[in-house]
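What you see is a predicted model; the values in this text were computed from it and never measured.
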Amino acid sequence: MIQDTIAAISTAVGEGGIAIIRVSGPDAVTESAKIFRSKSDIGTAASHTVHYGHIVDPVSGETVEEILLTIMRGPRSFTAEDVVEVSTHGGVVAVKRVLELLLRTGNVRIAEPGEFTKRAFLNGRIDLTQAEAVIDLIRSKSDRAFSIAMKQSEGMLSKKVKALRHGLIELLAHIEVNIDYPEHDVASMTSAYIRERCGEACDEINRLLKTAAEGKILREGIVTAIVGRPNVGKSSLLNALVQENKAIVTDIPGTTRDVIEEYITLGGIPLRLLDTAGIRETADVVERIGVERSRTALEEADLILFVLNVNEPLHQDDLLLMEQLRGRPVVVLLNKTDLPTVLDTSAVEALFPADAIVKLSVLHEHGLEELEGVISRMFFSGELESADMTYVSNVRHITLLGLAKQSLTDAMESTDIGIPIDIVQIDVRTAWEQLGELIGDSVADSLIDQIFSQFCLGK
């Protein structure tokens, strides 16, 4: 049981319409009552009620703020504890003064990052996958990523994992009976049953892992480097995609000296765009540093947008870059098609597939929709599945599902070569435990602390 009471500001710092301070713990209501003045007695107030009043400094008697105070009594709250939410005027000073008064009461401490969600997990209101989905909701960079996180926060992945564990515990029970009462066991029947049940579990894990690459992309975004030699239109492309003048555009080659980073959503796909300095040999010290950073971005990118100017013939720098990009996930952008075409595209078509070459005019924003379609085809196997599809996007989840699948595969292989079932049982139990670690039924305290430390304060 958690005995202390915590408080933190749950809204973003800065000016706004309102700000919210969240208080959770056994003394949430009584401690809040010490600084709250109203016609109603919140100490006896019913759960899920809102009360108008003022925050008053109990020492000086000064009225600090006019507020609305919401009471949610456990277990019918996010943390499954008594929760008070204090809605103040937005702004730094007001909310800070109210929080300081709460902490000064003596029985309330400042919350650690993610501690409210951690308490919801420890109190059994949500499991670990649902808790992790909370931070995914906050960090979502596209509608699809938000939808995936919402489904996980509602327990869609948890239900599938719990069903898998239920099937494995039934299998373990069957094996235990046969170990304890070998006189009633028919070895061939037990081996067939183990293979069948482990195979069914592996099939379900495979269905979940099938979505892993797409889910991870939707969750984290595609690191996309815009590369090319100077003055081919890289910065203009960034500005067109972002719909804002983020990068300086001039006719002078080498304007961009550093890597400019920006997030966008293109057709529901989050891209982390990196506009790089034009890659060429240069004697300019500053530009040379920018070129080196461009090469680093090129190596780390999941996707490369290689921009060429069709109004100029292929340059030696273009040819060198084309060789470096061979075999990489590349979309070739033939830019400035509003101008006369001088570039010989045969050399480009010889190195890159036709469906990865897009003609566009960044100036007139022609071809951007085709670019969106090419990226979607490259990273997704057709259209995304139906709305009820469960996407696995978290690296920890993907890893544990892979380990559980391997343990089940080992169990089936051991059965096939006649290893005794009490040894096979070890692999089945390992898979059951690995799936339990995924949802938090069996997980180390250090891992729990590490997961929740990634959350923002007040969540």
Check your understanding: Taking it one step at a time, do Q425 and E176 satisfy side-chain hydrogen bond (donor to acceptor under 3.5 Å, both in side chains)?
Key -> CA-CA 8 Å; Q425 180 196 39; E176 285 284 356; 2.5 Å; yes

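- Looking at V50 and T70, their side chains come closer than 4.5 Å, going by heavy atoms from C-beta outward.
- Remark: E31 engages K34 in a salt bridge (Lys or Arg N to Asp or Glu O under 4.0 Å) (not counting sequence neighbours).
- Counting non-hydrogen atoms of neighbouring residues, nucleotides and ligands closer than 6.0 angstrom, the CZ atom of R37 exceeds 12 such neighbours.
- The shortest distance between side-chain heavy atoms of D203 and R207 falls below 4.5 Å.
- With sequence neighbours excluded, the residues satisfying side chain to side chain contact (heavy atoms under 4.5 Å, CB included) with T88 are A19, E65, I67, V86, V95, V98.
- Looking only at side-chain heavy atoms (C-beta outward), R73 and V29 come within less than 4.5 Å of each other.
- In the displayed structure, E200 atom CD is contacted under 6.0 Å by more than 12 heavy atoms of other residues, nucleotides or ligands.
- Annotation: salt bridge (Lys or Arg N to Asp or Glu O under 4.0 Å) contacts of E62 (sequence neighbours excluded): R97.
- Proximity of a side-chain donor or acceptor of D302 to a complementary backbone N or O of I222 within less than 3.5 Å is not detected.
- A heavy-atom distance below 4.5 Å is found between the side chains of V331 and V358.
- With T415 as reference, V424 is the one residue of V428, D427, V424 to meet the side chain to side chain contact (heavy atoms under 4.5 Å, CB included) rule.
- The backbone N or O of A301 sits less than 3.5 Å from a side-chain atom of R328, completing a donor-acceptor pair.
- Here the side chains of T5 and P26 are in contact, with some heavy-atom distance below 4.5 Å.
- Side-chain atoms of S77 come within 3.5 Å of backbone atoms of E81 as a donor-acceptor pair (strictly under, hydrogens ignored).
- Residue pairs that meet the salt bridge (Lys or Arg N to Asp or Glu O under 4.0 Å) test with at least one member in residues 42-59, sequence neighbours left out, are D57-R104.
- Although no hydrogens or angles enter the test, the distance criterion places no donor-acceptor pair under 3.5 Å between the side chain of R119 and the main chain of T79.
- Inter-residue side-chain proximity for R429 and L172 is flagged as met; some heavy-atom pair is nearer than 4.5 Å.
- The shortest non-hydrogen separation linking S32 to A28 is OG-O, 2.7 Å.
- Cation-pi contact between R125 and F78: absent, since separation from the ring centre below 6.0 Å together with deviation from the ring axis within 45° is not met.
- S40 places no side-chain N or O within 3.5 Å of a backbone atom of I42 that could act as its donor or acceptor partner.
- In this structure the side chain of C202 reaches within 4.5 angstrom of the side chain of M412, judged on heavy atoms.
- Annotation: salt bridge (Lys or Arg N to Asp or Glu O under 4.0 Å) contacts of E132 (sequence neighbours excluded): R396.
- No side-chain N or O of T105 forms a donor-acceptor pair with one of N107 less than 3.5 Å apart.
- Applying the ring-ring contact (aromatic ring centres under 6.0 Å, His included) definition to pairs two or more places apart or across chains, those involving residues 40-65 are Y52-H54.
- Between the side chains of E170 and H166, at least one donor-acceptor pair of N or O atoms lies under 3.5 Å.
- Closest approach of A356 and V330 over heavy atoms only: CB-O, 3.5 Å.
- At a threshold of 4.5 Å between non-hydrogen side-chain atoms, the residues L401 and L435 count as touching.
- When the options I264, L303, L241, I304 are evaluated for a side chain to side chain contact (heavy atoms under 4.5 Å, CB included) with T224, the one that passes is L303.
- Remark: side-chain polar atoms of T30 are paired, donor with acceptor, to backbone N or O of D27 under 3.5 angstrom.
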Review point. Can you list the steps and then say if Q130 with S153 is a side-chain hydrogen bond (donor to acceptor under 3.5 Å, both in side chains)?
Key: CA-CA 4 Å; Q130 291 174 290; S153 71; over 6 Å; no

**Study point:** Criterion side-chain contact (heavy atoms from CB on, under 4.5 Å) on D82 and M72, from CA distance to verdict
**Key:** CA-CA 6 Å; D82 285 352; M72 291 163 280; over 6 Å; no

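- Within 6.0 Å of the NZ atom in K118, the count of heavy atoms belonging to other residues, nucleotides or ligands exceeds 12.
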